[in-house]
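A quick write-up on the structure given underneath.
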Amino acid sequence: MKAQRVTVPVASVALLLACHGGPSGKSDAGGGGGDDSGGGTGASGWGSGTMISDARSFLDYGLSASVVDVNESGVAVALWVEGTASGMVRLWGNVYRAGVWSGPTALGDPGSGDGSVSVMPNGDAMVVYVQSQHLQAKRYLAASDSWTSSAPISADSPAGTFLSSPGVVTDGLGNAIAVWSQGDQVWARRYDASAGWSATVAQLSTSPRTAHTSNIVVDGNNRFTAVWVEDTAPYDPSLPDGGRNKPPAHARRYVADWEPDQRIGWADTDLLGEFDSAGRIWIDANSAGSVFVVWEQSRTLLDNSIQRSIDAAHFDPVTGAWSPPETIASHDANLSWPQVAVDSSGRALAGWTRNETSGPGTSPVSMRGSWFNTASGRWGSAELLDQTGTSAVFDSALAIDGAGNVELAWDESGKGTIEHRFSAGAWGTWNKLPPGADNLRLDMSDSGHAVLIGDRLDISRVPFTMEVWAWVYTP
């Protein structure tokens, strides 16, 4: 039931080439080599790291982990973007099944970028990705262990306009919906397992200025929910910054058809500032139909200072209604990169990073989290999720299975990639996952299979190489 929401902008690949490391400019010197044959020994727990890409010279290439998805039987597909020093980028992928990674495969043509993937119960997978300002789709067929040719699915959306935030999810029947942002609006196209892609695209948003950062999830009842952030006022060139604008979170559900657009974020009257805004929206759903959404929120206070917060709303399948928006945590320094994951019982965990100090200079960055209490229907107090709260945490990722077991991973300065598991009602020990990586992407199925991917600079080779690595958790 997990949404595929994380994509890597093409610009990130250029950044990798420039700094020869991850988004923080770090390199991982924890050695190279490792087990390149594919993990999956069958033993419970995390297997050893596996390089799933080709090793590319850092002088000529940049690799950026994009997204991973795993199904209930442990079949997974990982995507990454490979860029050259000349500026050419291309989407690649690798399939994990029967305990082995199949090998890196170029999925897009040169010029392809952001991608999303959803693995179906039978091991097939649907991938959508940006290709020359079109959204392309292709499928992995488990029976033949092969990929179909790609086809454009955004042909009816505005031509010649910038396309971003592609996402796709599949339901238990093999149907899929893809969403993306293009031409200042959010669009969707549905795939029917028996009839293929629909004849036209659906425009989900109606923003007077722009709608962006689209995301989508499907629940256990085969109902889809799309979310995005939408500007509230037309752009006025005569006013500073185009005039007042307070972008909130929006949602739209697909049951038999697309239901009406709902504003699930704050009303303008709840926000004092002319430009208080939402951003970086994240969504997850469970097998019973509960949907949780979190986002970053900037808010102007009475003294005109700016407060950063992590805010949330959730859909209750019993009442069939969205909750009012609420604040999970607030801080005078940055709160960033919110995520949320929900188990089969409806208990959710939201996570985010927090700059411990404001103002100039280097600040420790911690990973914080809050649990949603199903009995009270409220979010609990924020708690520290990383090791100390005094180091610098990057690239944090969290996921949860149907039984409520949580996997949390992050990259930490001077320590590498760290994994932290919540099981049987308590957090366990912190464990290093050598050789470490940046741009961490994590997914976990309801049955407990999990896959973590990331990219790294291997300085043990001459010349240094850029690589994408994966770690597999077997329940």
Solution key, residues 119-129 side-chain donor-acceptor pairs under 3.5 Å, sequence neighbours excluded:
residue : atom : partner : partner atom : Å
N122    : OD1  : D124    : N            : 2.9
N122    : ND2  : D124    : OD2          : 3.3
D124    : OD1  : A142    : N            : 2.8
D124    : OD2  : R139    : NH2          : 3.4
Y129    : OH   : S150    : OG           : 3.4

Is the ring pair H250/W228 parallel, tilted or perpendicular, if the boundaries are 30 and 60 degrees? parallel

Measure up the Y96 and W101 rings against each other and bin them: parallel (under 30°), tilted (30 to 60°), perpendicular (over 60°). tilted

Assert yes or no for the condition that the ring centre distance of Y473 to H449 is strictly below 6.0 Å. no

Can a donor-acceptor pair be found, under 3.5 Å and without considering hydrogens, that links the side chain of S207 to the backbone of R209? yes

Among residues at least two apart in sequence or on other chains, which ones pass salt bridge (charged side-chain N to carboxylate O under 4.0 Å, His left out) with R308? none

Regarding D268 and R263, does a basic nitrogen lie under 4.0 Å from an acidic carboxylate oxygen? yes

Verify the ring-centre separation between W427 and H420: is it less than 6.0 angstrom? yes

Partners of E383 by salt bridge (charged side-chain N to carboxylate O under 4.0 Å, His left out), sequence neighbours excluded? none

Taking the basic N atoms (NZ, or NE/NH1/NH2) and the acidic carboxylate oxygens, is any pair closer than 4.0 Å for R354 and E356? yes

Has W197 got a side-chain atom pairing as donor or acceptor with A137's backbone, closer than 3.5 angstrom? no

Run the salt-bridge test on D311 and R299 with the 4.0 Å N-O cut-off and return the result as yes or no. yes

Test your reading of the model: is there a side-chain donor-acceptor pair from S323 to the backbone of H314, 3.5 Å cut-off? yes

Nearest non-hydrogen partners of N286 and S344, listed with the distance: ND2-O, 3.4 Å

Heavy atoms from other residues, nucleotides or ligands near CZ of R97 exceed 12 (cutoff 6.0 Å): yes

